[in-house]
Amino acid sequence: MYGKAFAPEYQGQIGSSLCVNSSYEEVLATASRAHREAGDALERARAALAVGEANRRLGRVAEAGAAWRESYRSGREAGDRGAMAWALWSGGTLARQCGSLPLARRLLTHAVTLADVAGDRLAHGYSLAGLAETGRIQGDYAAVAELHEQLLAQGRAHGEARHMVWAMSGIAQMHRNTGDLAKALELFEESARIAADADDARGHAWSLRGIADVLSVQGETDGALELLSEAEDICRSLDLASALAYNHKMRGNVLYRAGRYESARDVYAGALREFTEMREPRGAALARLGLTKSRSRLGRDHAETLAELADVEREVSRIGLRHAKEAVIAFRAETTERWAAETSAPHCDATTPLTPAAPAGW
């Protein structure tokens with residue numbers, strides 16, 4: 001059995017007035033007020049942490065960066081290693097969101113160490129979860145599979161729904177990317193049930209997106225789109241800007257797989273604008289890949305498609321996204337083969353007789 005989901009990143013007085021499903025505009029307003037009224041360094045550290053997390057989720061990268069650094073400095077001033085660990089967790093999560101995966105690993109590794117020394121089990125678990133997520137995004141499944149299993153065990157041992165949802169959906173994603181769709185669907189569906197029972201709206205939306213992805217690969221387009229609409233409603237209600245953009249990117253994936261290339265192109269273009277506005281390069285690169293594929297299917301010049309794919313490949317290589325790079329390489333081969341087949345087809349000019357004209361008087 002798991003208890004109701006809670007948000008340990010909201011600490012002190014802030015934690016008593018907010019819940020895991022509080023909208024991020026509400027979190028930002030509450031945390032900003034607490035920061036102004038903070039009476040000591042530890043209170044400032046806790047308030048700045050919540051300010052940073054709200055801004056990060058709202059896609060306000062510069063404000064989030066300033067807040068987690070202030071939280072770390074205030075935690076250090078207070079001599080509280082737990083507060084410092086939480087700040088580094090926030091910074092590492094922001095670095096991952098911004099596509100700086102090596103920096104994310106460094107910050108989260110330091111967070112794990114500080115949380116361990118401080119005896120802060122929750123900060124330790126969240127930092128481990130951040131490391132696992134970072135490695136999974138990079139495609140380093142062998143290195144992070146054990147971390148996901150550790151999180152799963154911790155979630156079961158302590159009845160923590162959010163840890164269960166994070167770990168289970170992460171393992172599901174690895175199964176999905178390696179081709180075991182049945183196992184991925186089973187885990188995503190269980191993750192969605194746990195999140196719903198624990199009143200974890202964010203985790204529920206994330207899990208619904210995973211289910212939609214697998215259903216789409218299996219050809220169940222309408223069911224996938226319905227789930228994405230449900231997840232979108234959740235994202236909008238909580239002001240989850242980044243999650244909403246990823247939801248739109250997944251909608252583009254579903255439409256593309258269904259052969260609805262014009263609709264996919266438009267949805268990918270919208271997702272790209274969202275990611276660009278919030279300066280989230282990982283999402284932007286994935287949306288650009290989808291947009292390039294859709295345009296190619298709609299007849300875009302082959303040379304232009306190859307140039308765009310090369311640019312996307314450089315970006316995903318810079319970020320360190322193995323799975324995305326493999327997708328670029330696979331589509332380049334596919335589109336080149338299709339182009340070659342089209343250009344080598346016999347040319348038929350309707351104005352040219354198919355056979356020589358018969359001699360006069362034939």
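Just so it is clear, the model here is predicted, and its values are computed rather than measured. In what follows, residues are counted from 1 in the order of the sequence shown.
- With sequence neighbours left out, Leu181 forms a side chain to side chain contact (heavy atoms under 4.5 Å, CB included) with Arg176, Val214, Val217, Gln218.
- The nearest pair of heavy atoms linking Gly59 to Ala241 is N-CB, 4.4 Å.
- The side chain to side chain donor-acceptor pair (under 3.5 Å) analysis of residues 75-86, with sequence neighbours excluded, yields the pairs Arg44-Glu77, Trp86-Asp120.
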Let me check something: any side-chain donor-acceptor pairs from residues 140-147 under 3.5 Å, sequence neighbours excluded? List them with distances.
| unit_1 | atom_1 | unit_2 | atom_2 | d |
| --- | --- | --- | --- | --- |
| Tyr141 | OH | Asn177 | ND2 | 2.7 |

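- Here the closest non-hydrogen pair linking Gly125 and Gln154 is CA-OE1, 3.9 Å.
- Judged by a 6.0 Å distance limit and a 45° cone about the ring axis, Lys293 is positioned over the six-membered ring of Tyr256.
- Note on Glu133 versus Arg136: salt bridge recorded, some NZ/NE/NH1/NH2 to OD/OE distance being below 4.0 Å.
- For the 3.5 Å distance criterion, the side chains of Glu280 and Ser242 qualify, holding a donor opposite an acceptor.
- Heavy-atom minimum distance, Ala87 versus Ser71: CB-OG, 3.6 Å.
- Linking ILVMFWY residues whenever their side-chain heavy atoms come closer than 4.5 Å, directly or via other members, leaves Ile137 and Phe275 in distinct clusters.
- Residues Thr305 and Arg300 bring no donor and acceptor atom of their side chains to less than 3.5 Å of each other.
- Atom CD of Gln13 has 12 or fewer heavy atoms from other residues, nucleotides or ligands within 6.0 Å.
- Here Trp206 pairs with nothing under the ring pair (Phe, Tyr, Trp, His ring centres under 6.0 Å) rule; sequence neighbours left out.
- Here the closest non-hydrogen pair linking Val61 and Cys98 is CG1-SG, 3.5 Å.
- A donor-acceptor contact closer than 3.5 angstrom is absent between the side chains of Ser17 and Thr30.
- No salt bridge links Arg295 with Glu262; every basic N to acidic carboxylate O contact stays at or beyond 4.0 Å.
- Using a cutoff of 4.0 Å between basic side-chain nitrogens and carboxylate oxygens, Lys4 and Asp197 are not scored as salt-bridged.
- The residues Glu232 and Arg209 are annotated as not salt-bridged, no charged nitrogen and carboxylate oxygen being separated by less than 4.0 angstrom.
- In this structure, His302 and Trp339 have parallel ring planes: the angle between them is below the 30° cut-off, well short of the 60° mark.
- Partners of Phe6 by ring pair (Phe, Tyr, Trp, His ring centres under 6.0 Å), not counting sequence neighbours: none found.
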Atom pairs and distances, donor-acceptor, side-chain atoms in residues 107-116, under 3.5 Å, two or more places apart:
| unit_1 | atom_1 | unit_2 | atom_2 | d |
| --- | --- | --- | --- | --- |
| Thr109 | OG1 | Arg105 | O | 2.7 |
| Thr113 | OG1 | Thr109 | O | 3.2 |

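- In this structure, a donor-acceptor pair under 3.5 Å is present between the side chains of Ser296 and Arg338.
- A salt bridge links Asp213 with Arg257: the closest approach of a Lys/Arg side-chain nitrogen to an acidic carboxylate oxygen falls below 4.0 angstrom.
- The hydrophobic cluster around Leu42 extends to none of the other residues, as no ILVMFWY side-chain heavy atom falls under 4.5 Å of it.
- Here the closest non-hydrogen pair linking Ile211 and Ala192 is CD1-CB, 4.0 Å.
- By the side-chain hydrogen bond (donor to acceptor under 3.5 Å, both in side chains) test, Arg318 is found to be paired with Glu315, residues two or more places apart in sequence or in another chain being considered.
- No continuous path of ILVMFWY side-chain contacts below 4.5 Å connects Phe188 to Met250, so the two sit in separate hydrophobic clusters.
- For Tyr268 and His248, the distance between ring centers is not under 6.0 angstrom.
- The salt bridge (charged side-chain N to carboxylate O under 4.0 Å, His left out) test applied to Glu25 returns Arg60, not counting sequence neighbours.
- For Asp222, the side-chain hydrogen bond (donor to acceptor under 3.5 Å, both in side chains) test picks out no residue, with sequence neighbours left out.
- Arg56 and Gln97 are linked by a side-chain donor-acceptor pair at a separation below 3.5 angstrom, with hydrogens and angles left out of the test.
- At a threshold of 4.0 Å, the pair Arg314-Asp311 counts as salt-bridged, since one of the basic side-chain nitrogens sits closer than that to a carboxylate oxygen.
- Across all their heavy atoms, Ala327 and Leu289 have their closest contact at CB-CD2, 3.9 Å.
- Cluster membership check: Tyr261 shares its hydrophobic cluster with Leu272, using side-chain heavy-atom separations under 4.5 Å among Ile, Leu, Val, Met, Phe, Trp and Tyr.
- The salt bridge (charged side-chain N to carboxylate O under 4.0 Å, His left out) check on Arg251 picks up nothing, with sequence neighbours excluded.
- Considering only residues two or more places apart in sequence or on other chains, Glu70 meets the salt bridge (charged side-chain N to carboxylate O under 4.0 Å, His left out) condition with none of them.
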